[in-house]
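Throughout, protein chains are lettered first and strands after them, A, B, ... in sequence-line order, and every chain is numbered starting at 1. Values in this document were obtained by computation on a predicted structure and should not be read as measured data.
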Number of protein chains: 2
Amino acid sequence: MSEPDDILAANAAYYAAFASADFGHMSRIWADDDVTCVHPGWPVLVGRPAILESYRNILGNPNQDQIEPHNAIAMIYGDEGRVICVEWIGAAAFALAATNWFRRVDGAWRMVHHQASPIAAAVEHASAQPAGRRLN
Amino acid sequence: MSEPDDILAANAAYYAAFASADFGHMSRIWADDDVTCVHPGWPVLVGRPAILESYRNILGNPNQDQIEPHNAIAMIYGDEGRVICVEWIGAAAFALAATNWFRRVDGAWRMVHHQASPIAAAVEHASAQPAGRRLN
């Protein structure tokens, strides 16, 4: 595969791990160190233990909304690259702008940073929901 | 200065350009290419023209809230590094989790990515505000 295909495949694997609630897969996607994560509405999480703990809780939540990635764009610079995409949450009741940053480690793209933030129009669409629901 | 001091100084310069509404300074802080930006509530902006246009509008807005960075943490990996901080908006009526990603170009840290997203507790605190105000 070409470089952009590779990193886009790594991005798709992240969302596949989400869709299948596969914590082991999610844990292998994240790099071993130098990692940060900002879930929507959360303060930043720094380091693998805090980040994996958050995914264990999110993936273990039976009421977790489905997340569908759309419009993924890859930008690669040396051994780092980011994928920007739009996350449709819960059948697109609202949308997030997501940045997924990867680093090439032993030939594989591993995630070093994830941040997803609400896009205003979609947040307004969901404004009848309680605030906690809107941001989780 | 040490490496972390350098990149923290670049991060401080970003907020200083904001505070002084200095578009020329802001434009020099951003790298020449490979740049992305997600303002709170906005979809992703890709490329220098779209990003600088957004800052021209934001810095030219006389009603733009003041932004104060707090709790900055630097993480450097080779010639790239990120600073994670909390942005207090409008005398801390609410707060954003911000990621500012820099690349070393000719010895200077230039910004390649910015993303700021509302932190839930602060958003709830500001929930009496109209949605557009809350996210801009």
### Query
Considering only heavy atoms from C-beta outward, does the side chain of A:Y55 approach that of A:C37 to under 4.5 Å?
yes

### Query
Can you say whether A:V112 sits under 4.5 Å from chain B via the side chain, the backbone, both, or neither, judging by heavy atoms?
both

### Task
Could you tell me whether a side-chain N or O of A:R48 sits under 3.5 Å from a main-chain N or O of A:D34, the two making a donor and an acceptor?
no

#### Entry: Polar contact flag, side-chain donor to acceptor under 3.5 angstrom, B:H25-B:S20
no

### Query
Taking the six-membered ring for Trp, are the ring centroids of A:H113 and A:F102 within less than 6.0 Å of each other?
no

### Task
For chain B, find which of A:T36, A:D79, A:I76, A:V86 contributes the most heavy-atom pairs closer than 4.5 angstrom.
A:T36

### Interchain contact, B:Q115 with chain A, by part (heavy-atom threshold 4.5 Å)
both

